Every structure is written in C-alpha cells, then in structure tokens.
Amino acid sequence: QAQLVESGGGLVQAGGSLRLSCAASGRTFSTNAMGWFRQTPGKEREFVAAISWNGGNTRYADSVKGRFTTSRDNAKNTVYLQMNSLKPEDMAVYYCAAATIYSRADDYRPSLSYEYDYWGQGTQVTVSS
C-alpha cells in the first residue's frame with residue numbers, strides 16, 4: 001500500500017528554520033508532481049508549495065515565497081520543504097501529497113488540493129514568538 005510519511009516537524013523560534021521530509025513507500029512517485037499543504041484548526045487546508053516530477057518547476061504560495069523552498073530526490077523517493085525565517089503564522093500541521101493524474105508532466109505542479117490523490121498523515125510545526 002502506498003504511503004507518504006512526513007517528518008522533521010517540531011518547535012522552533014520565530015526566525016528559525018526547519019526542514020520537512022516526505023518519504024514515499026509502497027510505490028514510487030518519482031514521475032509525479034508533489035505538493036505541500038498546511039492546516040490549522042478551524043481552517044481549510046492551504047497550499048504551500050509544489051514541485052514538478054523532475055524538480056524543474058516549482059510553485060509557492062505568496063505567503064511563503066522567498067522563505068520556503070521545495071526540492072526532491074527521486075532516487076530516494078523523497079520530497080523536502082526547507083522553511084526559513086519562520087513566523088508564528090506558519091504554525092500548522094504540514095502535509096505532503098502526490099498528484100498521480102499525470103506522469104512526467106514538466107510544467108505540472110498543482111496548487112489545488114483536489115488534484116492530489118495521495119496524502120501523508122501530517123507533521124506539526126510550532127513557531128514560538
């Protein structure tokens with residue numbers, strides 16, 4: 001059974017950094033776009049970042065542009081989210097997801113949650129002010 005497992009969350013002071021990882025098991029997502037979303041209690045899941053299958057194209061929410069970077073290592077079946085200059089408003093549960101509708105689509109890195117069909121269980125990021 002295919003699984004996505006996030007790790008790397010935790011508690012950090014405002015201005016600090018964290019690196020999230022998302023490891024796939026049970027199948028490979030190396031030909032698919034991957035994305036990161038986040039959610040806080042009482043709010044809808046929010047798009048954070050996405051990356052095309054080969055890492056050549058990325059997309060970011062305006063709120064994280066310039067501070068967050070997503071990358072991938074297809075040999076390790078892992079996607080990363082480097083988060084710098086963290087703010088209290090970045091505090092949330094972070095989820096990674098895979099969009100398998102297209103394979104090897106160089107420009108495909110969707111920002112809408114319904115385009116993703118595999119989801120991890122999430123990892124908590126807490127930012128103290």
Side-chain angles (χ1 to χ4, degrees):
Q1 185 175 353
Q3 272 192 314
L4 295 172
V5 179
E6 303 94 337
S7 61
L11 172 63
V12 64
Q13 286 191 328
S17 298
L18 280 176
R19 187 196 198 202
L20 305 184
S21 298
C22 172
S25 63
R27 63 161 284 175
T28 179
F29 295 102
S30 61
T31 63
N32 305 120
M34 300 290 292
W36 291 94
F37 291 76
R38 65 188 182 187
Q39 190 169 24
T40 54
K43 292 190 176 181
E44 290 192 359
R45 199 164 291 188
E46 172 190 29
F47 170 75
V48 175
I51 187 166
S52 61
W53 74 280
N54 59 2
N57 288 292
T58 55
R59 187 194 304 272
Y60 298 94
D62 288 343
S63 58
V64 308
K65 212 171 284 185
R67 300 187 298 122
F68 290 12
T69 303
T70 187
S71 60
R72 65 191 299 163
D73 184 340
N74 284 340
K76 296 182 178 179
N77 225 6
T78 302
V79 180
Y80 305 97
L81 184 68
Q82 177 67 42
M83 305 186 295
N84 298 330
S85 302
L86 280 161
K87 305 175 181 179
E89 51 263 44
D90 294 319
M91 185 161 58
V93 177
Y94 282 72
Y95 299 89
C96 73
T100 64
I101 186 170
Y102 299 116
S103 293
R104 295 188 172 87
D106 291 352
D107 198 39
Y108 186 62
R109 60 259 193 266
S111 60
L112 300 176
S113 60
Y114 71 81
E115 297 191 71
Y116 292 86
D117 47 351
Y118 288 87
W119 291 85
Q121 84 292 343
T123 185
Q124 175 70 47
V125 171
T126 302
V127 183
S128 63
S129 56

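We're numbering straight along the sequence, starting at 1. These numbers come from a predicted model, not from an experiment.
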Output the distance between atom [atom1] ([X]) and atom [atom2] ([Y]), rounded to the nearest 0.5 Å.
| X | Y | atom1 | atom2 | answer |
| --- | --- | --- | --- | --- |
| L81 | M34 | CG | CE | 11.5 Å |
| I51 | T70 | CD1 | OG1 | 4.5 Å |
| E44 | S113 | CD | OG | 8.0 Å |
| S71 | Y80 | OG | OH | 7.0 Å |

**OP:** Measure from NZ or CZ of R109 to the centre of the six-membered ring of W53 and say whether it is under 6.0 Å with the direction within 45° of the ring axis.
**Re:** no

**OP:** State which residues pass side-chain hydrogen bond (donor to acceptor under 3.5 Å, both in side chains) with Q3; sequence neighbours excluded, sorted by chain then number.
**Re:** none

Subject >> Residues in side-chain hydrogen bond (donor to acceptor under 3.5 Å, both in side chains) contact with Y60, at least two apart in sequence or another chain >> reply: none

Heavy-atom pair of closest approach, residues [X] and [Y]:
| X | Y | result |
| --- | --- | --- |
| A14 | P88 | CB-CD, 4.2 Å |
| P110 | F47 | O-CE1, 3.6 Å |
| V48 | V64 | O-CG2, 3.5 Å |
| Q39 | K43 | NE2-O, 3.0 Å |
| A2 | Y118 | CB-CE2, 3.6 Å |

Side-chain donor or acceptor of [X] paired with backbone N/O of [Y] under 3.5 Å:
| X | Y | answer |
| --- | --- | --- |
| T126 | L11 | no |
| S85 | R67 | no |
| E6 | G122 | yes |

Subject >> Worked verdict on S63 versus E46 for side chain to side chain contact (heavy atoms under 4.5 Å, CB included) >> reply: CA-CA 11 Å; S63 58; E46 172 190 29; 4.1 Å; yes

Original post:
Mind checking whether N74 and R72 have side chains closer than 4.5 Å, heavy atoms only?
Top reply: yes

Please tabulate, for side-chain N and O atoms in residues 92-101, each donor-acceptor pair with protein atoms closer than 3.5 Å (sequence neighbours left out).
residue : atom : partner : partner atom : Å
Y94     : OH   : R38     : NH1          : 2.9
Y94     : OH   : D90     : O            : 2.6
T100    : OG1  : D117    : OD1          : 3.2
T100    : OG1  : D117    : OD2          : 2.4

Using distance only, find each side-chain donor-acceptor pair of residues 20-31 under 3.5 Å and give its atom names and separation, not counting sequence neighbours.
residue : atom : partner : partner atom : Å
R27     : NH2  : N32     : OD1          : 3.3
T28     : OG1  : S30     : N            : 3.1
T28     : OG1  : S30     : OG           : 3.0
T28     : OG1  : N77     : OD1          : 3.3

Original post:
Which residues pass the ring pair (Phe, Tyr, Trp, His ring centres under 6.0 Å) test with F68, sequence neighbours left out?
Top reply: none

Original post:
Does a donor on one side chain and an acceptor on the other come within less than 3.5 Å for S17 and N84?
Top reply: yes

Original post:
Is it the case that R59 and N57 place a side-chain donor and acceptor less than 3.5 Å from each other?
Top reply: no

**OP:** Flag yes if more than 12 heavy atoms outside Y108 fall under 6.0 Å of its OH atom; otherwise flag no.
**Re:** yes

Original post:
Should V127 and L18 be regarded as members of a common hydrophobic cluster, given that ILVMFWY residues are connected when their side-chain heavy atoms come within less than 4.5 Å of each other, either directly or indirectly?
Top reply: yes

Original post:
Tell me, which pairs form a disulfide (SG to SG under 2.5 Å) where one or both residues lie in residues 99-129, sequence neighbours left out?
Top reply: none

**OP:** Kindly say whether the aromatic ring centers of F37 and W119 come within a distance under 6.0 Å.
**Re:** yes

